[in-house]
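Each remark here refers to the structure printed beneath this line.
As the structure lists them, so they are numbered: ligands from 1, and atoms in each ligand from 1.
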Amino acid sequence: MSKILLAIEGFEPLSWLERFRALSGAKHEVKLWPDIDGASDFDYACVWRPWHGLLKDFPKLKAIFNLGAGVDHLLQDEKLPSAPVVRIVDPDLTIRMVGYVVMHAHLHHRQMKLYGEQSEERIWKDHNEPPPGTVNVGLMGMGVMGQASAKGLIASGFPVLGWSRAKKDVPGVEMFSGEEGLKAFLARTNILVCLLPLTPETKGILDYNLFKQLAREPILPAVINAGRGGEQVEDDIVRALEDGTLAGASLDVFEKEPLPAASRLWGHPKVYITPHNAASSDPRALVANILSQIENFENGRPLENVVDRKLGY
Ligand code: NDP
Ligand code: OXD
């Protein structure tokens, strides 16, 4: 029998505990921090935003499972044990993100804020949006989320551009990479979608200077960020919306979460705000995924989706 530690901040922890216990049966003993009776001999930790320093007290960990895709918070723990860190890759998480990205691309292309205002005023007026085939959607981050979103956008008729760190080919997507490819990627992008992990290289990347480089035909540019709030400069987003550099924004993540009540983004007529739930981790879908990884690992097979600590994702 192996021992699994759950340490969860920011998600409701009891539903994870119940699900882990229900699916583990007698195979694993599952405990939820801090209710661990002083034990330190856990084999696996399954965590979301655990407070920094917590995991160093569990020297026998064979693997650390992050209950979401992004590992920025975990990797900022200077005392993180050296056990492999595994991030979630799961069809449930991915399809939620695809839904968010495709929906928000449509909201901006189809000017839904404008029709919302017209509805308030009882105005019946069609603004003849350009064909989707002429509106380029540019995805920053072409990993699991970016590539799946590309397929959804292509199915909606949008030409898709992608930007990644390393050079790669993705069917149906015009790819750009690295610093040297960013300018050309932005110059062709109308609707910019950020699905980047937060690393020292991507911190603050969504700033005024970047928004200025986006294409302004056939529609004015919009930005969608479902990566991490640390990638955006919120004062620059407000400035760009107010001087017309950006026509709209969809923000699921924020520099500080929950978004402070004083933020000028709240209630902004050109902004869609969601509470970091573009792709929520759901124990009903994800626990089985983690337990099957543990079973494979115990049977001598390698862990999948292990994070590269040097790259930070
Ligand atoms: P992946 O690791 O699969 O993909 C990351 C992509 O970002 C890769 O294409 C990578 O390039 C690219 N990238 C990383 N650094 C750079 C850089 N400096 N310049 C250019 N490209 C870069 O991650 P996922 O697709 O699974 O998830 C992406 C992020 O989405 C997560 O890290 C998380 O922050 C966020 N997320 C948010 C959720 C939400 O609800 N809002 C839910 C789930 C995820 P390369 O291909 O060359 O390695
Ligand atoms: C994730 C998230 O990284 O929900 O999975 O933000």
Side-chain angles (χ1 to χ4, degrees), residues 8-12 16 46-49 65-76 85-101 103-104 138-152 160-170 173 175-186 192-206 210 224-232 250-255 257-259 272-283 285-286 289-290 304-313:
I8 299 173
E9 257 300 289
F11 294 161
E12 194 285 295
W16 288 90
C46 301
V47 301
W48 183 245
R49 302 182 65 84
F65 291 88
N66 188 60
L67 300 179
V71 289
D72 45 292
H73 180 273
L74 196 55
L75 296 193
Q76 280 159 15
V85 172
V86 177
R87 68 191 199 90
I88 281 283
V89 172
D90 186 273
D92 180 74
L93 200 71
T94 306
I95 204 68
R96 288 173 195 248
M97 184 60 88
V98 173
Y100 172 89
V101 169
M103 169 173 68
H104 282 271
L139 290 161
M140 299 178 89
M142 282 300 286
V144 174
M145 299 292 171
Q147 292 195 35
S149 299
K151 287 188 187 142
V160 177
L161 318 178
W163 184 66
S164 56
R165 190 182 49 79
K167 267 197 168 61
K168 61 162 87 169
D169 287 328
V170 178
V173 178
M175 283 299 298
F176 300 80
S177 63
E179 283 275 327
E180 61 290 359
L182 185 57
K183 207 168 174 227
F185 164 81
L186 294 171
L192 180 71
V193 181
C194 178
L195 293 173
L196 288 167
L198 180 60
T199 67
E201 288 72 41
T202 64
K203 191 167 184 300
I205 193 167
L206 301 177
L210 179 141
I224 299 171
N225 186 13
R228 281 290 182 267
E231 288 152 1
Q232 71 200 16
S250 294
L251 305 174
D252 182 59
V253 289
F254 299 90
E255 287 172 12
E257 295 180 6
L259 181 61
Y272 294 98
I273 289 180
T274 45
H276 196 146
N277 67 350
S280 294
S281 292
D282 187 331
L286 302 187
N289 174 324
I290 294 166
E304 291 171 6
N305 311 311
V306 175
V307 168
D308 180 329
R309 290 198 189 198
K310 279 213 191 88
L311 288 178
Y313 66 98

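Under the side chain to side chain contact (heavy atoms under 4.5 Å, CB included) rule, Leu192 has a single partner from Leu139, Ile224, Leu210, which is Leu210. In summary, of the residues considered (Gln232, Arg228, His276), a side chain to side chain contact (heavy atoms under 4.5 Å, CB included) with Phe254 occurs for Gln232 alone.
Between Thr274 and Tyr100 the shortest side-chain heavy-atom distance falls below 4.5 Å. At a threshold of 4.5 Å between non-hydrogen side-chain atoms, the residues Leu93 and Met145 count as touching. In this structure, the side chains of Val47 and Leu67 stay at 4.5 Å or more apart for every pair of heavy atoms. Side-chain atoms of Arg165 and Leu311, non-hydrogen and from C-beta on, do get closer than 4.5 Å to each other. The shortest side-chain heavy-atom distance between Met175 and Lys168 falls under the 4.5 Å cut-off.
Taking the six-membered ring wherever Trp is involved, the centroid distance between the rings of Phe11 and Trp48 falls below 6.0 Å.
Side-chain atoms of Asp90 do not come within 3.5 Å of backbone N or O of Leu286 as any donor-acceptor pair.
Around ligand 2 you find Trp48, Gly68, Ala69, Gly70, Arg228, His276, Ala279, each with a heavy-atom distance below 4.0 Å. If you look at ligand 1, the protein residues with a non-hydrogen atom under 4.0 Å away are Ala69, Gly70, Arg87, Met97, Gly141, Met142, Gly143, Val144, Met145, Trp163, Ser164, Arg165, Ala166, Lys168, Leu195, Leu196, Pro197, Glu201, Thr202, Ala226, Gly227, Arg228, Asp252, Val253, His276, Ala278, Ala279, Tyr313.
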